[in-house]
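Structure record follows, encoded as structure tokens.
Throughout, a chain's letter reflects where its sequence line sits, starting with A, and its residues are numbered from 1. Keep in mind the model is a prediction, meaning the values are calculated, not measured.
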Amino acid sequence: MGLSSCLTSDWFSRDVIVVARELLGMHLSRVIDGQTIRSRITETEAYRGEEDLACHARAGKTRRTAVMYGPPGHAYIYFTYGMHWCLNVVCMPENFPAAVLIRALEPLDGLMSIASRRTGRPRSEWTNGPAKLTRALGIDKNLNGVDLTTPRSLLWIERGEVVPEDQVICGPRVGINNVPEPWRSLPWRFRI
DNA sequence: AGCACGATTAACT
DNA sequence: GTTAATCGTGCTC
């Protein structure tokens, strides 16, 4: 195991729903202020194509969504509700807009660094939501578009543990209550 | 230039 | 269970 254990661009170029499922158990790492934070991905959601009316790419290619049309394995980071950042991984071949939203993490290392950004919150709520985890890891628009397949950069993803099927809960995506069917109810949310 | 809304969170009743 | 916070984005005029 001398070489990097990062996931490759080819790995992310597969179907976004398969990637969302298989990202469970993988390790997300972040270097900030000289500290390294390591974490395990525990919840994801898939967003696939312009036809998926829950996906930001339903509006086509715009300045915001351009990253989703780019190479797989890069970060798509968007701003919402006037104050929150959310982290996605671009998937599927270039020019097809799709991404996996990272919804929850289990911190493994760098707890002090996380605590400094989540003061006053119980530990169980440090990274159990898509905007909570970006706050905890100091992720914002400055990291939009970065290549997550580059080990030991500012933000990257490595192989972790394989999560057995009987430990995976699959269900509808959340926070999209105004989206029409069938998109609203598709079981594209995965969690351990 | 103006407008409505949002892949959420935290603090309420 | 309900609601304020807060502003970039995409759409309409």
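Counting to the nearest Å, the C1' atom of C:dT6 and the NE2 atom of A:His84 are 9 Å from each other. Across the protein-nucleic acid pair, A:Tyr47 atom OH and B:dG6 atom P stand 13 Å apart, rounded to whole Å. For A:Arg184 and B:dA7, the CZ to C1' distance is 14 Å, given to the nearest whole Å. Note: CG (A:Asn177) to P (B:dT8) measures 9 Å, nearest angstrom. Distance A:Glu50 CD to C:dG10 P: 13 Å, rounded to the nearest Å. In this structure, the CZ atom of A:Arg103 is 9 Å from the C1' atom of B:dT8, given to the nearest Å. In this structure, A:Phe79 places its CZ atom 14 Å from P of B:dT8, rounding to the nearest Å. Atom CZ of A:Arg121 and atom P of B:dA11 are 5 Å apart (whole Å).
Among the nucleotides B:dA10, C:dA5, C:dC11, the one closest to any side-chain atom of A:Met83 is C:dA5.
The environment of CZ in A:Arg173 is crowded: more than 12 heavy-atom neighbours from other residues, nucleotides or ligands sit within 6.0 Å. Heavy atoms of other residues, nucleotides or ligands lying less than 6.0 angstrom from CZ of A:Arg123 number 12 at most.
Under the Watson-Crick or G-U wobble criterion, with both distances below 3.5 Å, B:dA7 is left unpaired in every strand shown. Base pairing of B:dG2: its partner is C:dC11, meeting the Watson-Crick or G-U wobble criterion (both donor-acceptor distances under 3.5 Å).
The side chain of A:Arg118 places an N or O atom within less than 4.0 Å of a non-bridging phosphate oxygen (OP1 or OP2) of B:dA10. Applying the 4.0 Å criterion to OP1 and OP2 of C:dG8, one finds that A:Lys141 has every side-chain N and O outside that range. Contact between the side-chain N/O atoms of A:Thr62 and the OP1/OP2 oxygens of C:dG10 is found at a separation under 4.0 Å. Within the structure, a side-chain polar atom (N or O) of A:Asn178 is placed less than 4.0 Å from OP1 or OP2 of B:dG6.
The residue A:Ala131 sits close only to the backbone: its heavy atoms come under 4.0 Å of sugar-phosphate atoms, none of a base. The residue A:Arg64 sits close only to the backbone: its heavy atoms come under 4.0 Å of sugar-phosphate atoms, none of a base. Within the nucleic acid shown, A:Ile176 comes within 4.0 Å of sugar-phosphate atoms alone, with no base atom in reach, counting heavy atoms only.
The aromatic ring of A:Tyr78 does not stack onto the base of B:dA7, failing the criterion of a centre distance under 5.5 Å from the six-membered base ring together with planes under 30° apart.
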side-chain hydrogen bond (donor to acceptor under 3.5 Å, both in side chains), that's the test. Do A:Thr65 and A:Thr62 meet it? Break it down for me. CA-CA 5 Å; A:Thr65 63; A:Thr62 65; 3.3 Å; yes
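Mapping A:Glu45 and A:Glu125 onto DNA chain B by nearest heavy atom places A:Glu45 closer to the 5' end of the strand.
Judged by the 6.0 Å distance and 45° axis criteria, A:Arg152 is not positioned over the aromatic ring of A:Trp156.
Following chains of ILVMFWY side-chain contacts shorter than 4.5 Å, one can reach A:Leu28 starting from A:Tyr78, so the two form part of one hydrophobic cluster.
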